[in-house]
Amino acid sequence: MTRLSAVGAGMIPLCDGAWLLKGFLLKYEQALLQNLERLTEHSPFRHMVTPGGYRMSVSMTNCGPRGWVTDERGYRYSETDPVTGRAWPDMPALFSQLAQQAASEAGYSDFCPDACLINRYVPGAKLSLHQDKDEQDFTHPIVSFSLGLPATFDFGGRTRRAPVTPYMLEHGDVVVWGGPSRLFYHGIRALKKGHHAQMGSQRINLTFRCAH
Ligand code: MD3
Ligand code: FE
């Protein structure tokens, strides 16, 4: 595997086990966008429904062997896309290589994601405070890529009531969430209107996980 260099990216500790790699993706933005276009032609973005019956304001798709889905039956990982009835598109090598490189820089050496959830935010879309706990083994970190419009990310604690700290996630940023932070509550505030030169009026977030 070619070693992908993150020279120039600042590494900011967010809390025990969580690192923000500022601008980590900037050299790869064109290639990332090309891959995103190709795989969303195969499995398009869709608004999923929560078990409680709410349509999510964030639209989603997945790539890789498993994809996160929600419907009236609950949250789970699925090997097939319920919209197309086919497997999710393959995870591009560039995606997994960059996610692995980011994880290793943050001290998680053999990160091997089998799921990549792709979230699309348009102005007004948000993700309420939640925990990520549909995966089988919480010792694996989660790696997130942010592209497009900036968003305010609220980072909480072990309980829903814990105070939150807001962080700005911008185009090109990567965050690695491991250790104690892996189960912390978090959310994205309603996206503000704006225009991004490469991405237009949207924000796309990719989260890489070991689901199994
Ligand atoms: C902190 N996505 O897909 S990425 C999600 O920007 C999700 O779309 C947000 O929360 C987004 O579940 C936030 C940052 C993130 C992802 C996973 C985490 C932060 C996390 C898991 C544990 C703690
Ligand atoms: Fe989450």
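One-based numbering, in listed order, for ligands and for the atoms of each.
Here the heavy atom of the protein found nearest to atom 8 (O) of ligand 1 is Tyr121 OH, 2.5 Å. Shortest contact from atom 23 (C) of ligand 1 to any protein heavy atom: Ser181 O, 3.3 Å. The protein non-hydrogen atom at the shortest distance from atom 21 (C) of ligand 1 is His186 CE1, 3.4 Å.
Those atoms of ligand 1 with a heavy atom of Arg203 less than 4.0 angstrom away are 6 (O), 8 (O), 11 (C). For ligand 1, the atoms sitting less than 4.0 Å from at least one non-hydrogen atom of Ile142 are 17 (C), 21 (C), numbered in the order shown with element in parentheses. Numbered from 1 in the order shown, with element, the atoms of ligand 1 that lie under 4.0 Å from a heavy atom of Asp132 read 12 (O), 17 (C), 18 (C), 21 (C). Counting the atoms of ligand 1 from 1 in the order shown, those under 4.0 Å from a heavy atom of Arg209 are 3 (O), 5 (C), 12 (O). The contact set between ligand 1 and Ser144, taken as ligand atoms under 4.0 Å from a residue heavy atom, comprises 4 (S), 14 (C). Close contacts between ligand 1 and Asn205 involve ligand atoms 2 (N), 4 (S), 6 (O), 8 (O), 11 (C) [criterion: under 4.0 Å to a heavy atom].
Arg203 forms a cation-pi arrangement with Tyr121, by the criterion of a distance under 6.0 Å to the ring centre and an angle within 45° of the ring axis.
One option in Phe138, Phe208, Phe153 has a heavy atom closer to atom 13 (C) of ligand 1 than any other, and that option is Phe153.
Backbone and side-chain nitrogen or oxygen atoms of Trp177 are examined, and none is located within less than 3.5 angstrom of a nitrogen or oxygen of ligand 1.
Summarising the geometry, atom OH belonging to Tyr167 is positioned 5.0 Å from atom CG belonging to Leu14; distances are rounded to the nearest 0.5 Å.
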